[in-house]
Amino acid sequence: KSVLIITDREDSQIPCAVPYVLSGMLKPEENRHPLKKLEDLGIEVLIGRATAIDSYKGKVILEDGNSLSYEKLVIATGWAPNRLHAGNMELEGIFYPSVITQEVKQTAERMKKAGKILIVGAGLIGLNLSGLLKSNFPDKRVFLVEARDFLANGIFSKEVEGDIEKELERLGVELIKNNAVLEFEGKERVESAVLKDRRIEVDTCFISIGFRPNTSLAMEAGIETDHKGAIIVDSFMRTSVEGILACGDCVQHRSAIDGKVITAMFASVAGRDGRVAGMNIEGPEVKLEKVVPSGITQVGSLFVGFAGYTGRILKENSIAYSSTSSSATDGHPSALKPKEFGVKLYFDKRGKIIGGEVVGRSKSVFYLVELLKIFIFERRHAEEIVSLTRNAFPLLTPSPLSEPISECAVEFVKNWSFAGESGEG
C-alpha cells in the first residue's frame with residue numbers, strides 16, 4: 001500500500017513536553033517530531049493544507065487547488081486551543097498552546113525575556129507551566145489566574161488541591177482563583193491585565209483554557225459530529241462516511257466507567273487511537289476500548305495524578321460513592337530515605353473502584369495511576385484488590401506490608417456501608 005500523510009507543519013513539537021521548552025529546560029530543537037522517521041518507513045509526507053474532502057469522488061482538495069485521490073482516508077486533525085474572550089487580544093505578547101516549532105520557539109524566547117508572566121487557566125498545563133517557570137526563573141513574577149474557585153477542572157479532592165496550592169505558594173507563584181481576565185491593556189504589546197476585581201502589570205501572557213476538536217474539515221464534508229464538534233466513530237474508528245476513519249483528539253471518546261461522552265485529549269489516548277485506526281484500515285480487526293479518564297502533571301517537585309471519576313465529578317453526576325485514603329513511601333525500609341505519597345480511592349455502592357488520585361514527590365505516582373486505570377477498567381471490587389499481589393523491591397516500591405492501594409481497599413471493606421444517596425457514604 002502507498003501511504004501519504006498531509007500535514008501543514010514541517011516542524012512539530014512533542015506536545016506534552018512543550019511546557020519544558022517554554023520554561024527553558026529543553027531547547028525546541030530537542031523536542032521535535034522528526035518527519036524523516038516517517039520517510040524512512042516508506043511513508044510519503046506532503047507539506048500542505050487540506051481544505052476540503054470530496055467523499056463521493058474519493059478526493060482531498062488542497063489549498064493550492066490540486067487534489068489527491070484516496071481509497072481510504074484517516075482524519076487525524078487533532079485539537080485547537082479555546083480562545084479567551086477578552087478585550088485587546090490583538091496585543092503582542094499574548095500566546096496560546098501550539099505544537100508548531102517556530103511558534104513554540106517565539107513563545108519560549110518571550111518567556112525568557114519577560115519579567116512578569118500571566119498564565120490564564122489553572123488546568124493541568126497551566127499548573128505545570130507556572131511551576132516550571134518559577135522553578136527555573138525564580139526572579140520572575142508568575143501569576144496564575146483561574147476563573148473558577150477550584151484547580152485542574154475540579155479533578156482533585158480538596159486535600160490534593162491544598163497540596164498543590166501549598167506547592168505553588170512555596171515556589172512563589174501568585175495564584176488568583178475565582179477571577180477572570182476582562183481585557184488587556186497596552187500600546188502595541190501587552191502591559192497589564194484587567195481582572196474582575198483587580199489590575200496586574202504583565203508583559204507576557206500564556207492562555208491555556210482548554211481545547212476543542214479541530215474538525216471543520218470533517219463537518220464540511222458531511223461527517224457526523226457531536227454537539228462539541230467531535231467526530232463520531234464506531235468501535236473500529238470508522239466515521240459515518242464510507243471509507244473514512246478518524247482518530248485522536250478530533251474524535252469523540254466514551255468513558256469505560258459509564259459509557260458517557262468524555263473529554264480525553266491526551267497523547268496516550270491519541271497514540272492508542274492511531275494504532276487502532278491503522279490496524280482497521282482494511283476492515284474491522286481491533287475493537288476500540290472505552291477510555292478511563294486519567295492524567296498526571298507536575299507542579300514544582302510535586303506530582304499529582306488521577307484515574308476515573310473523583311469527588312467533584314461524582315457529586316456533579318449524582319453518583320453515590322465512598323472514599324478511603326492511605327499514605328506510603330516509594331521504597332523501603334525507611335533507612336533508604338524513600339519519598340512519601342498519598343492515595344485516595346473512590347468506590348461505588350457495589351464496592352467497585354471508580355476512581356483514584358495520587359500525590360507525592362515521587363515518580364511512583366505514575367505507576368500507581370497506571371495500576372488504578374487497569375483496576376477501574378476491569379471494574380475490580382475492593383475485595384479483589386485486597387487479594388491481588390503486587391511486586392515489591394526496596395528501591396522501587398512501597399513495603400508489601402503497607403501497599404497503599406491495598407490498604408485503601410482494606411479500609412473500604414472494613415467500613416463498607418452506604419446511605420444510598422449521592423455523596424460520600
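For reference, positions follow the sequence shown, starting with 1.
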Checking side-chain polar atoms at under 3.5 Å, does Glu357 have a donor or acceptor matched by the opposite partner on Ser157? yes

Determine the minimum heavy-atom distance between Pro138 and Lys134, stating which atoms define it. O-NZ, 3.0 Å

Could you please spell out the steps behind the side chain to side chain donor-acceptor pair (under 3.5 Å) verdict for Tyr96 and Ser208? CA-CA 6 Å; Tyr96 285 94; Ser208 180; over 6 Å; no

Do Ile5 and Glu44 touch side chain to side chain, with heavy atoms closer than 4.5 Å? no

Distance (rounded to the nearest 0.5 Å) between Glu411 CD and Leu345 CG: 11.5 Å

Would you please indicate if the ring centroids of Phe347 and Phe412 are separated by under 6.0 Å? yes

The complete set of salt bridge (Lys or Arg N to Asp or Glu O under 4.0 Å) pairs with one or both residues in residues 293-303, sequence neighbours excluded, reads none

Can you confirm whether Lys140 is buried at NZ, in the sense that more than 12 heavy atoms of other residues, nucleotides or ligands lie under 6.0 Å from that atom? yes

Show your working on salt bridge (charged side-chain N to carboxylate O under 4.0 Å, His left out) between Glu161 and Lys158 and close with a plain yes or no. CA-CA 5 Å; Glu161 276 199 18; Lys158 290 182 179 179; over 6 Å; no

Donor-acceptor pair between Ser192 and Glu201 side chains, under 3.5 angstrom: no

For the backbone of Ile244 and the side chain of Thr239, can you confirm whether one donor and one acceptor N or O come within less than 3.5 Å of each other? yes

So, do Tyr346 and Leu314 sit near enough that their side-chain heavy atoms are less than 4.5 Å apart? yes

Could you tell me which residues satisfy ring pair (Phe, Tyr, Trp, His ring centres under 6.0 Å) with His381, sequence neighbours excluded, listed by chain and number? Trp416

Taking the side chain as C-beta and beyond, is there a heavy-atom pair between Val202 and Val190 under 4.5 Å? yes

Of all pairs that satisfy ring pair (Phe, Tyr, Trp, His ring centres under 6.0 Å), the ones with a partner from residues 133-176, not counting sequence neighbours: none

Do side-chain atoms of Thr310 reach the backbone of Ile155 as a donor and acceptor pair under 3.5 angstrom? yes

Kindly list each side-chain donor-acceptor pair under 3.5 angstrom involving residues 72-83, sequence neighbours excluded, with atom names and distances?
from	atom 1	to	atom 2	distance (Å)
Lys72	NZ	Ile281	O	2.7
Thr77	OG1	Asn214	O	2.6
Asn82	ND2	Ile209	O	3.3

If you count the non-hydrogen atoms of other residues, nucleotides and ligands that lie under 6.0 Å from NZ in Lys290, is the total more than 12? no

Which pair of non-hydrogen atoms, one from Tyr367 and one from Leu396, has the smallest distance, and what is that distance? CE2-O, 4.5 Å

To the nearest 0.5 Å, tell me how far Ser325 OG sits from Lys344 NZ. 5.0 Å

With no hydrogens and no angle check, is any side-chain donor or acceptor of His253 less than 3.5 Å from a backbone partner on Thr263? no

Can you find a heavy atom in the side chain of Val120 that is under 4.5 Å from one in the side chain of Cys205? yes

Residues Val413 and Ala382: closest non-hydrogen pair is CG2-CB, 3.7 Å

Taking 4.0 angstrom as the limit, do Lys337 and Asp330 come out as a salt bridge? no

Looking just at side-chain N and O atoms, do Ser406 and Arg390 make a donor-acceptor pair shorter than 3.5 Å? yes

State whether the number of non-hydrogen atoms from other residues, nucleotides or ligands found under 6.0 Å of Asp149 atom CG is greater than 12. yes

Arg198/Ile176 under side-chain contact (heavy atoms from CB on, under 4.5 Å): CA gap, chis, key distance, verdict: CA-CA 10 Å; Arg198 72 186 76 180; Ile176 305 171; 3.8 Å; yes

Residues which pass ring pair (Phe, Tyr, Trp, His ring centres under 6.0 Å) with Phe375, listed by chain and number, not counting sequence neighbours: none

Ion pair check, Asp348 and Arg350, cut-off under 4.0 Å: yes

Any donor-acceptor N/O pair, Asn128 side chain to Leu124 backbone, under 3.5 Å: no

In terms of side-chain geometry, is the basic nitrogen of Arg170 or Glu167 positioned less than 4.0 Å from the acidic oxygen of its partner? yes

In chain order, what residues pass the side chain to side chain donor-acceptor pair (under 3.5 Å) check against Glu146, with sequence neighbours excluded? Arg148

Quick one: list whatever passes side chain to side chain donor-acceptor pair (under 3.5 Å) with Asp234, sequence neighbours left out. Arg238

Evaluate the side-chain contact (heavy atoms from CB on, under 4.5 Å) criterion for residues Ile231 and Glu224: first the C-alpha distance (whole Å), next the side-chain angles of each, then the deciding distance (0.1 Å), finally the verdict. CA-CA 6 Å; Ile231 299 170; Glu224 187 179 2; over 6 Å; no

Quiz: residues 16-27 side-chain donor-acceptor pairs under 3.5 angstrom, not counting sequence neighbours:
from	atom 1	to	atom 2	distance (Å)
Tyr20	OH	Gln298	OE1	2.6
Ser23	OG	Pro19	O	2.9
Ser23	OG	Tyr20	O	3.4

Taking only residues two or more places apart in sequence, or in another chain, which ones meet Glu407 in a side chain to side chain donor-acceptor pair (under 3.5 Å)? none

Which heavy atom in Ala230 sits nearest to a heavy atom in Gln252, and how many Å separate them? CB-N, 3.7 Å

Considering only residues two or more places apart or on different chains, which pairs with a residue in residues 93-114 satisfy salt bridge (Lys or Arg N to Asp or Glu O under 4.0 Å)? Glu29-Lys105

Mind running side-chain contact (heavy atoms from CB on, under 4.5 Å) on Val343 and Leu368 for me, showing each step along the way? CA-CA 9 Å; Val343 175; Leu368 286 169; 4.2 Å; yes

Any chance CD of Glu370 has more than 12 other-residue heavy atoms, nucleotides or ligands included, within less than 6.0 Å? yes

Indicate yes or no: at least one non-hydrogen side-chain atom of Val286 is less than 4.5 angstrom from one of Asn280. yes

Quick test of your reading of the model: are Asp203 and Arg189 salt-bridged, counting only N-O distances below 4.0 Å? no

Which atom names give the shortest non-hydrogen contact between Ser402 and Ala328, and what distance separates them? O-CB, 3.8 Å

Within 6.0 Å of CD in Glu30, more than 12 heavy atoms from elsewhere: yes

Salt-bridge present (Lys1, Glu282; N to O < 4.0 Å): yes

Determine whether a donor-acceptor pair (N or O, by modelled atom type, separation under 3.5 Å) exists between the side chain of Asn179 and the backbone of Lys196. yes

Which pairs with one or both residues in residues 259-277 pass salt bridge (Lys or Arg N to Asp or Glu O under 4.0 Å), sequence neighbours excluded? none

Please assess Ile376 against Ile257 for the test side-chain contact (heavy atoms from CB on, under 4.5 Å), listing each intermediate value before the final yes or no. CA-CA 7 Å; Ile376 295 166; Ile257 299 171; 3.8 Å; yes

Is there a side-chain contact between Leu118 and Val145, using heavy atoms and a 4.5 Å cut-off? yes

Residue pair Asn31 / Gln13, side-chain donor-acceptor N/O under 3.5 Å: yes

For Leu129 versus Met111, what's the shortest heavy-atom pair and its separation? CD2-CE, 4.2 Å

Among all residues two or more places apart in sequence or in another chain, which pass the side chain to side chain donor-acceptor pair (under 3.5 Å) test with Glu10? none

